[in-house]
Each structure stands twice: as C-alpha cells, then as structure tokens.
Amino acid sequence: MTHVVVAGAGPVGLTAALALARQGAQVTVLEAGGSLAAESRASTFHPPTLEMLAELGVVDELLARGLVAPTFAYRDRAAGHVATLDLAVLANDTPYPYRVQLEQSKLTPILAEHLTRRGGEIRFGHAVTGAEHTTTGVRVHAGATTLDADWLIAADGAHSAVRRGLGVEFAGITYPERFLVASTGEDLHALLDELAEVNYVFDPVDWSVLLRTPDHWRVLLPTPDGSPDEAELARLDARLRLVADPGRPWRVAHASIYRVHQRVAASFHHGRVLLAGDAAHVNNPLGGLGMNSGIHDAVAYAAALSGPGPERAAADAADDRRRIALEYVQTVSHRNYERLTATDPVARAAHLDELRTIAADPARSRAYLLRACMIASLRPETV
C-alpha cells in the first residue's frame, strides 16, 4: 500500500488526503496547529472545484452549508451598477453553473470527517520541519517525529518549511498596498441597488470587493503601505460609509490587514515531494482563484499517485499545474487587479463598456465566464 504524508490540514492538504484515501492509499496528515484553522480566509468555490468535491462525496454537505451565488456583478464607485454576469449560461458546461460562497474553515471539518472514516490519520501539533529522500521514498521530520513514506505532498502554506528546506525559489512580486478585509453584519442589499452576492467595485483609489457568505458580508479594501494598522482600522468606518452609508457606524465583527503577493515556485516537484496550494503558488484574492487552484493541484496529484507509473505521472501533473499557475491563475488575478485599479479614465470607460456588452450577449458571457470560473484552465477545449 502506498503511504503518502501530507503536510498541512487546510483545504488543499485535506482534499489531497481524502482523494488518496478513496483510492486505497495510507495517508498521514501532519498539521502544525492544535486543531483545524478557524479563520475565514478563502470563501469562493468555482464550478470545477464543486465537480471535484462531488467526486469526493462531499459537495452535498458543502452546498447545505454554503450560499449559492448564481451571478456576480461589476460596479463603479461613482456610477453604481455596471453589469451582472449570470453563470446560467454555463449550464451545458458544468452541473454546477454557479459559485458557492462558504469560508474554507467550513469545508475542512467535512473533509477531515470523511478522511478519518476512510482510515486516514490527522496528527495535530506536528509542524513539518523538513524532508529528505531515502532509497525507497521520503523521510519527513515533524519535531521529534520522523515518518518514512513513499511520497510527501507539501500543502503547508506560503511559508512552506518543505519548500524552503528543498531550496526551491519562490519568485514573484509583493503588491504595494496591503489588503484590508472587514466582516460585517450589515445588510448590503438594503443599502445598494442591483447588488449580487459577489461584487467588484472599480475605483482608481478606493476600489473594493463586496462578497457575501452565509454568516456575513466581507468588504475588501486597499490600504496604503507604511501606515500603522491601528490608524487604518481607526478610519475603517469612514471608508465603509463611502461604500454605503447606513446613517450610523457600520457593524463590523472583525477586520484584518495583510500583505498580498504573486509568487510561483520554480518547480512543483522535487523527486517524491510535490508542492501544492500556497506552498507552490500564491496570488491576490481578486477572482477567488487561490484556494480553488490549490484544490485542483491536490486532485491532480492524487490521481497521478493512484495510477500506473506514479513517478512520471506525478512529475507531469506537477509541471502541468505549474503551467496553469503561471499562464492562468497569475495572469487572470493580476489582470483583475490592474482593471480594478486603472487610473486612465478612457481605458476605464472602455472596459466598463466592454463588460456591459459581454453581459448582454450570452455567447460572449459564456466565453468570459469559462475563464473567470476556471473551467477553461482545466478544459481549454471548451473556449
């Protein structure tokens, strides 16, 4: 029986572990934390990800907990609603012609329960500190614990100890501004007209994303570099009132500020070690591509390791996932950033007009959504 160690019990690591366990592999997940992470973090599931989760037998539980978003909208800070894209035009391309909004922390317990039912093991409080190859596989170190396995899938995040230990370059850029995310109990549908469950708001200075989850709305705002977090949080309410003004202070449950990077590892495979998710690639959150592409990594690796010739299949899968990270995920997410923040009024007006035209034409909407919803990244022949 093939033994695979997975570093990290986030959505990517647990997806890989469950997919492997369903194929009969022995799986051990090593997680640095004392329990599954409770932070909201990523919260959008695209159609092909839902298809993969259906294959793993967990999509019904995800749908029961999540919020189905059949549309998403583009807005302009000054002009208001610009265009709404309806994913119903993808009905012939996927059984899930919609996005599902749900925090990743609501998916990981589902994956963990299914994994343990199938005999998979999760060891909390075991931070993977490094790994080296042996004559038969890979030796994984987690504090005082050492495990010998056939393969290691490193899904241990952007600061991956496995990637750093292997000396794999993680080149890319850091965005000049930080991103601020505020979770609010406000009913934004009552404050803004023609609002979808996911909204991208264009503005050369104060662009934003308004995204609904089952528990709250999340508002993403750019934050200048160099200013203290305390100062930015102190002026948060004034900025939120420019998004929509309820006539009183906003009800903010939580707010956090973080830096955003676009980086891709020089290689996603090193012998019998495979890098997945944020350990392999990170990108800005505009478009909701990061967690989804990490889950796609996990499913691709599990399929490769479960079939014939796993060494060649795993290397090919890792190379393909790196190509997709570079050609698709990085490109689309950065283009989303550039368009939201564009300062040239002529270019901005032309792009908004283009979005109106796309939304009014089902054929153009389908072509646009195949890419925006990640179907084209996996099935380019659909375009």
Side-chain angles (χ1 to χ4, degrees), residues 38-45 66-69 71-85 99-106 175-225 227-260 283-291 333 336-342 352 355 372:
E39 295 93 342
S40 293
R41 300 184 186 177
S43 58
T44 290
F45 293 86
L67 177 71
V68 172
T71 65
F72 64 89
Y74 292 106
R75 303 177 66 86
D76 181 80
R77 174 62 67 87
H81 177 263
V82 172
T84 295
L85 278 296
R99 292 163 61 153
V100 171
Q101 298 303 119
L102 185 70
E103 297 89 341
Q104 68 178 52
S105 59
K106 304 289 181 63
Y175 284 101
E177 67 270 73
R178 297 166 295 162
F179 285 23
L180 186 157
V181 178
S183 298
T184 175
E186 299 294 342
D187 178 9
L188 297 192
H189 281 298
L191 298 174
L192 295 167
D193 66 326
E194 298 185 83
L195 204 64
E197 311 300 357
V198 181
N199 308 267
Y200 302 98
V201 184
F202 293 87
D203 189 89
V205 178
D206 244 5
W207 55 267
S208 59
V209 179
L210 313 177
L211 180 151
R212 189 182 173 197
T213 70
D215 297 331
H216 51 243
W217 280 89
R218 297 170 73 179
V219 181
L220 170 64
L221 297 164
T223 302
D225 189 23
S227 62
D229 286 2
E230 296 77 10
E232 293 303 324
L233 294 173
R235 72 185 188 101
L236 174 58
D237 182 66
R239 297 185 68 194
L240 290 173
R241 291 205 195 197
L242 295 177
V243 173
D245 190 356
R248 51 167 172 72
W250 274 53
R251 295 188 294 264
V252 176
H254 176 74
S256 60
I257 300 173
Y258 59 95
R259 292 203 171 276
V260 179
N283 56 274
N284 76 57
L286 303 176
L289 308 181
M291 175 187 65
S333 59
N336 290 341
Y337 168 83
E338 290 180 322
R339 287 174 171 171
L340 273 180
T341 62
L352 296 182
L355 289 173

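Keep in mind that the numbers below use all heavy atoms, side chains included, and drop hydrogens, waters and symmetry copies. Since this is a predicted model, take the numbers as computed values, not measurements.
- Using a 4.5 Å cut-off on side-chain heavy atoms (C-beta onward), Arg212 and Gln101 make no contact.
- Rounding to the nearest 0.5 Å places CD of Glu197 at 5.5 Å from CH2 of Trp217.
- Between atom CG of residue Leu67 and atom CZ of residue Arg99 there is a gap of 11.5 Å, rounded to the nearest 0.5 Å.
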Audit row: Arg251, His216, side chain to side chain contact (heavy atoms under 4.5 Å, CB included) steps and yes/no: CA-CA 11 Å; Arg251 295 188 294 264; His216 51 243; over 6 Å; no
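- Within the 4.5 Å cutoff, no side-chain heavy atoms of His81 are placed close to those of Tyr74.
- In this structure, NZ in Lys106 is found 10.5 Å from OG in Ser43, a value given to the nearest 0.5 Å.
- Here the closest heavy-atom approach between residue Leu289 and residue Ala372 is recorded as CD2-O, 4.2 Å.
- Taking CD1 from Ile257 and CG from Asp229, the interatomic distance works out to 4.0 Å, rounded to the nearest 0.5 Å.
- Residues Leu240 and Val252 are in side-chain contact: their nearest non-hydrogen atoms beyond the backbone lie under 4.5 Å apart.
- Ion pairing between Glu186 and Arg248 holds under the 4.0 Å rule for side-chain N and carboxylate O.
- Between Tyr337 and Trp207, the two ring planes are perpendicular [angle over 60°; tilted spans 30° to 60°].
- Scanning all heavy atoms of the two residues, the minimum distance from Asp225 to Pro176 falls at CB-O, 3.0 Å.
- Of the inter-residue distances, the one linking Phe179 atom CZ with Leu286 atom CG reads 5.0 Å to the nearest 0.5 angstrom.
- Arg218 places no side-chain N or O within donor-acceptor distance of the main-chain N or O of Val209, the cut-off being under 3.5 Å.
- Between Glu103 and Asp215 there is a side-chain heavy-atom pair separated by less than 4.5 Å.
- For the pair Arg259 and Tyr175, the minimum side-chain heavy-atom distance is 4.5 Å or more.
- Side-chain N/O atoms of Thr223 and Glu177 include no donor and acceptor closer than 3.5 Å.
- Of the possible polar contacts, one joining the Asp237 side chain to the Trp250 backbone as a donor-acceptor pair under 3.5 Å is found.
- A heavy-atom distance below 4.5 Å is not found between the side chains of Arg178 and Ser256.
- Minimum heavy-atom separation, Asn336 to Gly287: ND2-CA, 3.9 Å.
- Nearest heavy atoms, Thr213 versus Leu211: CG2-CD2, 3.8 Å.
- Of the residues listed (Asn199, Leu220, Thr184, Val198), the one engaging Leu210 in a side chain to side chain contact (heavy atoms under 4.5 Å, CB included) is Asn199, and it is the only one.
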Derivation of the side chain to side chain contact (heavy atoms under 4.5 Å, CB included) call for Tyr258 and Val181: CA-CA 9 Å; Tyr258 59 95; Val181 178; 3.5 Å; yes
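- In this structure, Ala342 and Pro204 approach most closely via the heavy-atom pair O-CB, 3.5 Å.
- With Arg77 contributing its side chain and Val243 its backbone, the two residues share no donor-acceptor pair below 3.5 Å.
- Listed by chain and number, the residues in a side-chain hydrogen bond (donor to acceptor under 3.5 Å, both in side chains) with Asp187 amount to none (sequence neighbours excluded).
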Criterion side chain to side chain contact (heavy atoms under 4.5 Å, CB included) on Tyr200 and Leu355, from CA distance to verdict: CA-CA 12 Å; Tyr200 302 98; Leu355 289 173; over 6 Å; no
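- By the 4.0 Å N-to-carboxylate-O rule, Asp203 lies too far from Arg75 to be salt-bridged with it.
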Residues Arg239, Leu221; criterion side chain to side chain contact (heavy atoms under 4.5 Å, CB included); working and verdict: CA-CA 9 Å; Arg239 297 185 68 194; Leu221 297 164; 3.7 Å; yes
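- The shortest heavy-atom contact between Leu236 and Ala182 is CD2-CB, 4.0 Å.
- Within the 4.5 Å cutoff, the side chain of Ser333 has heavy atoms near those of the Asn284 side chain.
- Residues Leu102 and Pro214 meet the side-chain proximity criterion, which asks for heavy atoms closer than 4.5 Å.
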